[in-house]
Amino acid sequence: ETGVTQSPTHLIKTRGQQVTLRCSSQSGHNTVSWYQQALGQGPQFIFQYYREEENGRGNFPPRFSGLQFPNYSSELNVNALELDDSALYLCASSHPQDEQYFGPGTRLTVT
Amino acid sequence: AQRVTQPEKLLSVFKGAPVELKCNYSYSGSPELFWYVQYSRQRLQLLLRHISRESIKGFTADLNKGETSFHLKKPFAQEEDSAMYYCAPWGYSGGGADGLTFGKGTHLIIQP
């Protein structure tokens with residue numbers, strides 16, 4: 001059984017740029033959730049995808065968007081990057097309403 | 001708004017001593033309650049969930065709906081329990097899945 005993987009491990013972007021983060025879900029999981037974890041804080045829910053549709057969304061602006069593909073992998077896209085977007089981005093996969101399995105995260109730094 | 005309070009940012013206890021990590025939540029509806037743990041250099045992982053009522057690694061958590069608390073307890077702490085612990089309710093709102101709502105976490109350090 002393959003666990004949740006995320007890429008890249010870390011990256012540096014400039015304010016105003018766009019970024020795409022990727023997540024491969026654990027085998028058999030059809031639900032992917034994304035979280036943002038700022039330094040010293042707990043993860044904050046961004047959104048969740050189930051069978052390629054957005055299934056729920058946290059308090060994040062529309063410049064945070066996502067996709068889920070037929071193989072249940074997922075992307076998180078952030079447009080017009082701001083300095084406050086610097087954080088660890090976590091992806092978690094699961095069956096619906098079941099335990100979420102987290103990936104190692106992508107560390108994004110916006111300068 | 002959904003909110004989780006973990007009042008202790010850092011909790012240090014000696015090996016063999018009892019441990020209690022506090023969690024209070026404010027959540028509309030009837031959420032399911034989880035504790036997640038992150039050991040050093042490892043990814044976030046589930047420690048226990050309320051509905052399973054299992055004791056994992058000696059930890060238990062009591063849900064008190066009246067006080068909206070879900071405190072995590074262990075009678076005898078072990079050095080390998082040193083980690084970051086997050087309380088996280090989960091539920092649905094009118095807009096769909098809410099995702100896990102994490103507290104800021106408690107850093108538990110077990111001293112030898």
Side-chain angles (χ1 to χ4, degrees), chain A residues 2-7 9 23-26 29-60 62 64 66 68 74 76 87-107, chain B residues 1-10 21-25 27-54 56 70 83-107:
Chain A
T2 307
V4 179
T5 60
Q6 293 186 242
S7 63
T9 305
C23 170
S24 290
S25 59
Q26 184 164 309
H29 288 175
N30 56 15
T31 302
V32 173
S33 304
W34 285 91
Y35 295 84
Q36 180 196 66
Q37 187 173 20
L39 202 60
Q41 304 292 317
Q44 274 196 290
F45 175 62
I46 303 175
F47 44 55
Q48 182 182 91
Y49 276 81
Y50 170 64
R51 291 188 175 180
E52 304 177 56
E53 297 285 335
E54 188 180 288
N55 187 39
R57 190 177 182 93
N59 190 25
F60 279 80
F64 285 78
Q68 187 180 30
S74 178
L76 164 65
L88 181 68
Y89 288 84
L90 297 169
C91 163
S93 75
S94 65
H95 297 294
Q97 302 182 50
D98 203 355
E99 174 185 351
Q100 295 188 21
Y101 290 80
F102 283 82
T106 293
R107 173 73 61 188
Chain B
Q2 329 292 23
R3 189 164 51 245
V4 177
T5 302
Q6 293 182 250
E8 304 112 343
K9 190 173 182 178
L10 175 66
L21 286 75
K22 292 185 168 58
C23 170
N24 288 88
Y25 64 93
Y27 206 97
S28 58
S30 298
E32 186 174 351
L33 278 300
F34 296 83
W35 276 95
Y36 275 79
V37 61
Q38 187 166 28
Y39 301 103
S40 179
R41 303 182 191 281
Q42 294 187 28
R43 61 185 68 187
L44 201 57
Q45 59 186 282
L46 178 68
L47 178 63
L48 60 81
R49 62 193 296 185
H50 169 249
I51 61 168
S52 69
R53 299 189 184 278
E54 289 179 342
I56 308 296
F70 190 54
M84 195 73 182
Y85 290 79
Y86 294 96
C87 176
W90 177 89
Y92 276 87
S93 67
D98 282 345
L100 292 161
T101 300
F102 285 90
K104 291 188 178 181
T106 296
H107 188 188

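Chain naming here is simple, since letters A, B, ... match the order of the sequence lines and numbering starts at 1 in each.
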Review point. Roughly how far apart are A:Asp98 CG and B:Arg49 CZ, rounded to 0.5 Å?
Key: 5.0 Å

**Study point:** Contact leader toward chain A among B:Lys104, B:His107, B:Met84, where contacts are heavy-atom pairs under 4.5 Å
**Key:** B:Lys104

Point to revise | Contacts of A:Glu99 that satisfy salt bridge (Lys or Arg N to Asp or Glu O under 4.0 Å) - sequence neighbours left out | key: none

Review point. What is the distance from atom CG of B:Leu100 to atom OG of A:Ser94, rounded to the nearest 0.5 Å?
Key: 9.0 Å

Exercise for review: Count the heavy atoms of every other residue, nucleotide or ligand shown that sit under 6.0 Å from CD1 of B:Ile51, and state whether that count exceeds 12.
Suggested key: yes

Exercise for review: Sort A:Gln37 into side chain, backbone, both or neither according to what part of it lies under 4.5 angstrom from a heavy atom of chain B.
Suggested key: side chain

Review point. Nearest 0.5 Å, what's the CD-CZ distance between A:Gln100 and B:Phe34?
Key: 7.5 Å

Study note, to complete from the structure: In terms of heavy-atom contacts, B:Tyr86 and A:Pro43 come closest through CE2-CD, 4.1 Å

Revision key, fill the gap. In terms of heavy-atom contacts, B:Arg43 and A:Pro104 come closest through NH2-CD, 3.5 Å

Check your understanding: For atom CG of A:Asn59, is the number of surrounding heavy atoms from other residues, nucleotides or ligands below 6.0 Å larger than 12?
Key -> no

Review point. Is it the side chain or the backbone of A:Tyr50 that comes within 4.5 Å of chain B heavy atoms, both, or neither?
Key: neither

Review point. Which atoms form the tightest heavy-atom contact between B:Leu44 and A:Phe102, and what is the distance?
Key: O-CB, 3.5 Å

Check your understanding: Excluding sequence neighbours, so at least two apart, what forms side chain to side chain donor-acceptor pair (under 3.5 Å) with B:Trp35?
Key -> none

